[in-house]
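Below, each value reflects all heavy atoms present in this structure, side chains not excepted, and no hydrogens, waters or symmetry copies. Remember, predicted model here, so these are calculated numbers, not experimental data.
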Amino acid sequence: MCPNLRSPSSSARSLRSLSRLSLRLAPICSLMLGCVAASTPPRAPSRVAASDDFPSLATPEIKATLAPKPRLDLLPPELQSGRLAVSNLSLQRVSLELRPSSAAAQSPREVFERVVAPLLRALSFARGTDAFRIPSKAVPEPTANLHGAAALLVDQYLNVQERMRPATGTIVTAALGEPSESADSRLRFLTGRSVEQFRAEFEREQLTYLFAQVLGDVPIEHTALTARRRSGETVSQLTGTLIHHYEATNERPAPDADPRPFLRRALERLAPGREVRMGRAAPVLVALPYGNAPSGAVGLKYAWRAQLEMQVARHPASFLAWVDAQSGKLLK
C-alpha cells in the first residue's frame with residue numbers, strides 16, 4: 001500500500017544531487033548527522049563478549065495475528081499524497097513519507113492531531129488516540145556539519161583531492177570554507193543553490209517527536225511512532241511500530257511498590273556467586289511484549305527494566321534486564 005509521493009522535498013533533492021558527485025559524501029554525511037537522542041529505551045544486546053558462563057534466556061516467540069484492514073480513504077489529502085508502507089500483522093511496522101510545507105513551528109500535539117491521529121484511524125487502530133503518550137516537546141537531533149563532512153572525506157582518503165575532477169575539487173574547497181564563483185556556479189547547476197545556500201539547507205536543525213504507545217500510563221517496550229521534521233518545515237517522516245491486539249498477562253504493581261526486592265531476587269538467579277551491580281539508571285516500570293495471551297493477542301508483562309553491570313570474560317559489561325513486576329522472574 002504505497003500511494004505515490006508526488007515530489008521529493010527540497011532537502012532530499014539537494015542531497016541526491018550532491019551524491020552524483022564523485023565525492024561520495026553520502027556515507028560521510030550520515031556519520032556527521034549522528035543518531036537521534038530520543039527517549040526510547042535501548043534494546044538489550046543479542047550478543048555480548050564471549051563467555052561460557054554468561055547467563056542467557058530464551059524468551060517465548062510472539063505469534064502475531066493479522067492487523068485490521070486499513071481504510072486509506074480516511075486519510076486527509078495531505079497524507080494521501082505521501083508514501084505509506086505498513087505490514088499486515090497486528091505487531092505492525094509503519095513508514096510514512098510526506099512532502100513538507102513551510103511552517104515556523106509545530107507543537108507535539110499539532111503533529112499528533114495532523115499526522116498520527118488520522119493515520120491511526122486509517123489503520124483501523126481500535127484503541128484510539130488515548131493509547132499513545134504525547135511528549136511535552138520535540139527532541140533536537142545533532143546538527144549536520146558540511147565543513148566537517150568535507151574535512152573528514154579529505155582526511156580519510158589520502159590525496160583524494162589530487163584524483164578529483166577540477167569542478168569537484170572546487171566544491172570540496174568551498175565546503176571547507178573557501179567559497180568561489182566557480183563553486184557556486186557548479187553547485188547551482190547541480191542543486192539550484194549556492195554553496196552557502198546549500199550549507200544552510202544541509203545544516204538545518206532537525207527535530208524528532210516520539211509518541212510512545214502505552215498500557216494505561218505505562219510505556220510499552222519497543223513500540224513508538226517517531227515523527228521528524230526540519231526547522232521551518234512540517235513533518236516529512238513518520239516511522240515506528242504499534243501493536244493492535246494486546247493484553248496484560250500479569251498484575252500491575254502498586255504505585256508505591258519498591259522494585260528493589262524483585263531486582264535482588266533476579267540478580268541472585270541471574271549469576272549465582274558472581275557480583276552483579278545495579279547501573280546508574282533507576283529501574284523503570286514498563287509493559288514488555290512477551291509471548292501471547294490465551295486469547296492469541298500479544299501478551300504484555302508489567303516488568304521492571306533495570307541496567308545491570310557485571311564482569312564478562314574479565315571485562316566490565318553493562319546490559320539491560322527485564323524482571324516480572326509480579327513474580328520477580330527474570331524475563332529478558
On a heavy-atom basis, which atom in [X] and which in [Y] lie closest, and how many Å separate them?
X: Leu75; Y: Pro118; value: CD2-O, 4.0 Å
X: Ala257; Y: Pro259; value: O-CD, 3.5 Å
X: Leu288; Y: His222; value: CD1-NE2, 4.3 Å
X: Ala138; Y: Pro108; value: N-CG, 4.1 Å
X: Gly296; Y: Asn292; value: O-ND2, 3.1 Å
X: Ala117; Y: Thr129; value: CB-CG2, 3.8 Å

Query raised in the report: Does the pair Thr241 and Gln92 meet the rule for a side-chain contact (heavy atoms from CB on, under 4.5 Å), with working shown?
Result: CA-CA 5 Å; Thr241 302; Gln92 189 171 48; over 6 Å; no
Taking atom types as modelled, is there a side-chain donor on [X] or [Y] under 3.5 Å from an acceptor on the other?
X: Thr208; Y: Glu141; answer: yes
X: Thr239; Y: Ser95; answer: no
X: Glu205; Y: Thr143; answer: no

Report task. Go through Ser124 and Lys69 one step at a time and tell me if the side-chain contact (heavy atoms from CB on, under 4.5 Å) criterion holds. Result -> CA-CA 7 Å; Ser124 303; Lys69 185 177 180 180; 5.6 Å; no
Under 4.5 Å between any side-chain heavy atoms of [X] and [Y], yes or no?
X: His147; Y: Arg199; result: yes
X: Leu308; Y: Ser318; result: no
X: Arg305; Y: Glu221; result: yes
X: Leu91; Y: Ile62; result: yes
X: Arg228; Y: Leu207; result: no
X: Pro68; Y: His245; result: yes
X: Leu96; Y: Leu98; result: yes
X: Leu119; Y: Leu238; result: yes

Query - Distance under 6.0 Å and angle within 45° of ring axis: Arg133 vs Phe112 - result: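 The answer is no; the distance or angle limit is not met.
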Output yes when a side-chain donor or acceptor of [X] lies under 3.5 Å from a complementary backbone atom of [Y], and no otherwise.
X: Arg71; Y: Ala122; value: no
X: Ser231; Y: Gln206; value: no
X: Tyr209; Y: Gln106; value: yes
X: Asn250; Y: Lys301; value: no

Any chance you could measure [X], atom [atom1], to [Y], atom [atom2], to the nearest 0.5 Å?
X: Arg260; Y: Asp258; atom1: CZ; atom2: CG; result: 4.0 Å
X: Glu97; Y: Arg83; atom1: CD; atom2: CZ; result: 6.0 Å
X: Leu120; Y: Leu225; atom1: CG; atom2: CG; result: 6.5 Å
X: Arg99; Y: Thr234; atom1: CZ; atom2: OG1; result: 10.5 Å
X: Glu196; Y: Leu146; atom1: CD; atom2: CG; result: 9.0 Å

Is [Y] reachable from [X] through a run of hydrophobic residues whose side-chain heavy atoms are each under 4.5 Å from the next?
X: Ile243; Y: Leu285; value: yes
X: Leu242; Y: Leu74; value: no
X: Leu66; Y: Val86; value: no
X: Phe211; Y: Val214; value: no
X: Val298; Y: Leu89; value: no

Query raised in the report: Are Tyr246 and Tyr290 close enough, and set up right, to give a ring-ring contact (aromatic ring centres under 6.0 Å, His included), and what steps lead you there?
Result: CA-CA 10 Å; Tyr246 56 85; Tyr290 193 81; over 10 Å; no
Report task. Mind running side-chain contact (heavy atoms from CB on, under 4.5 Å) on Val286 and Tyr302 for me, showing each step along the way? Result -> CA-CA 6 Å; Val286 298; Tyr302 286 106; over 6 Å; no
Requested in this report: Report the C-alpha separation of Leu300 and Glu247 in whole Å, then their side-chain angles, then the decisive distance to 0.1 Å, and conclude whether the side-chain contact (heavy atoms from CB on, under 4.5 Å) test is met.
Outcome: CA-CA 6 Å; Leu300 298 180; Glu247 294 179 18; over 6 Å; no
If you count the non-hydrogen atoms of other residues, nucleotides and ligands that lie under 6.0 Å from [atom1] in [X], is the total more than 12?
X: Arg114; atom1: CZ; result: no
X: Arg188; atom1: CZ; result: yes
X: Glu251; atom1: CD; result: no

Query raised in the report: Below 4.0 angstrom, N of the basic side chain to O of the carboxylate: do Glu233 and Arg229 qualify?
Result: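 Arg229 and Glu233: not salt-bridged.
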Query raised in the report: Ion pair present between Lys332 and Asp324, side-chain N to carboxylate O less than 4.0 angstrom?
Result: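 Asp324 and Lys332: not salt-bridged.
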